[in-house]
2 protein chains.
Amino acid sequence: MKKFFKAVDDITRREILEMLKTKDMTAGEISDAFQISKPSISYHLDLLKQADLVISEKKGQYVYYSLNTSVLEDVISWLMSLKKAGGTEDKQK
Amino acid sequence: MKKFFKAVDDITRREILEMLKTKDMTAGEISDAFQISKPSISYHLDLLKQADLVISEKKGQYVYYSLNTSVLEDVISWLMSLKKAGGTEDKQK
DNA sequence: TAAATATTTAGATAATTATCTAATTATATA
DNA sequence: TATATAATTAGATAATTATCTAAATATTTA
């Protein structure tokens, strides 16, 4: 989960995940949605891949990225386990 | 959620959350569980507080920290929305 | 009230990260 | 086959982060 938390601790990467919710996209299409350079987007995609949050598939000269949700199970479980813990739910101040 | 993701993107802070699952603890007790200096733990506790993941309450000279799980709702919802998206669940390679 | 204990704040620093431009690799097309 | 297009890799850099020691603040106790 180490890599997951790193991957999602960045607004650009979270936005990429949001975009991939809708449809699979090429690196170029993803890049076009941001003001950031292509190499930077490539770097972000690599971190998402390392975290197993996306899958890449090369088709000709294009590389298609798609969401991989299997890793989310563990994270959700961890968060639920935190939620269930203790009786201190919803304390204020 | 920005602050949440930052807060949990650190092994020390995730371990602090784990510890607080069991019971409320003072800053000193938390600090004793790590090899890290007290000021560093204080810094981590502050980030957790900024993310609303913990609550602190001063009792005499001690400061007790406890888990606050209310923020987890939003995060879990976001992860579920990713999970439900697309039909690309569990792709390999 | 002076000393001890608990915690945080301040200031400095090494490591990590997100970004850029330039160069490289791979594929498609004229 | 030469050129254009898509994407990544390499190398550099500014910003951010986690850590430290020293100092400050707050509280308790002798």
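In what follows, chains are A, B, ... by sequence order, proteins preceding strands, each numbered from 1. Model, not experiment: these values are computed from the prediction.
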Could you tell me whether the side chain of S42(B) and the main chain of K38(B) form a donor-acceptor pair under 3.5 Å?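 It does not hold such a pair.
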Report yes or no: does R13(A) contribute a side-chain atom to a donor-acceptor pair with the main-chain N or O of V8(A) at less than 3.5 Å?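 Flag not set: sc R13(A) to bb V8(A) has no pair under 3.5 Å.
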Would you say the rings of F4(A) and W78(A) are close, in the sense that their centroids are separated by under 6.0 Å?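 Centroid separation for W78(A) and F4(A): 6.0 Å or greater.
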Return the 5'-most residue of the pair K49(A), D10(B) with respect to DNA chain D, ranking by each residue's nearest nucleotide.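 Its nucleotide being nearer the 5' end, the pick is K49(A).
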Crowding at CE, M1(A) (>12 non-hydrogen neighbours, <6.0 Å):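 It does: M1(A) CE has more than 12 such atoms within range.
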Residues in side-chain contact (heavy atoms from CB on, under 4.5 Å) with S40(B), at least two apart?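 Expected list: I36(B), S37(B).
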Look at all strands and tell whether [X] reaches a base, only sugar-phosphate, or nothing, counting heavy atoms closer than 4.0 Å.
X: L47(A); result: sugar-phosphate
X: S31(B); result: nothing
X: K59(B); result: nothing
X: Y64(A); result: nothing

5' precedence on DNA chain C between Y62(B) and I36(A) (nearest-nucleotide basis):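 Result: Y62(B).
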Reading DNA chain C from 5' onward, which residue's closest nucleotide shows up sooner: G60(A) or I41(A)?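 Its nearest nucleotide being more 5', the pick is I41(A).
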Mind checking which nucleotides bracket the chain B contacts on DNA chain C, 5' to 3', with an atom under 4.0 Å from a heavy atom?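 Footprint of chain B along DNA chain C, 5' to 3': dT5(C) to dT9(C).
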How many whole angstroms separate atom NZ of K38(B) from atom P of dT21(D)?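 Spelled out: NZ on K38(B) to P on dT21(D) is 13 Å.
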F34(A) with L48(A), same ILVMFWY side-chain cluster at under 4.5 Å: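 Yes, it is one cluster - the side chains of F34(A) and L48(A) are joined through contacts under 4.5 Å.
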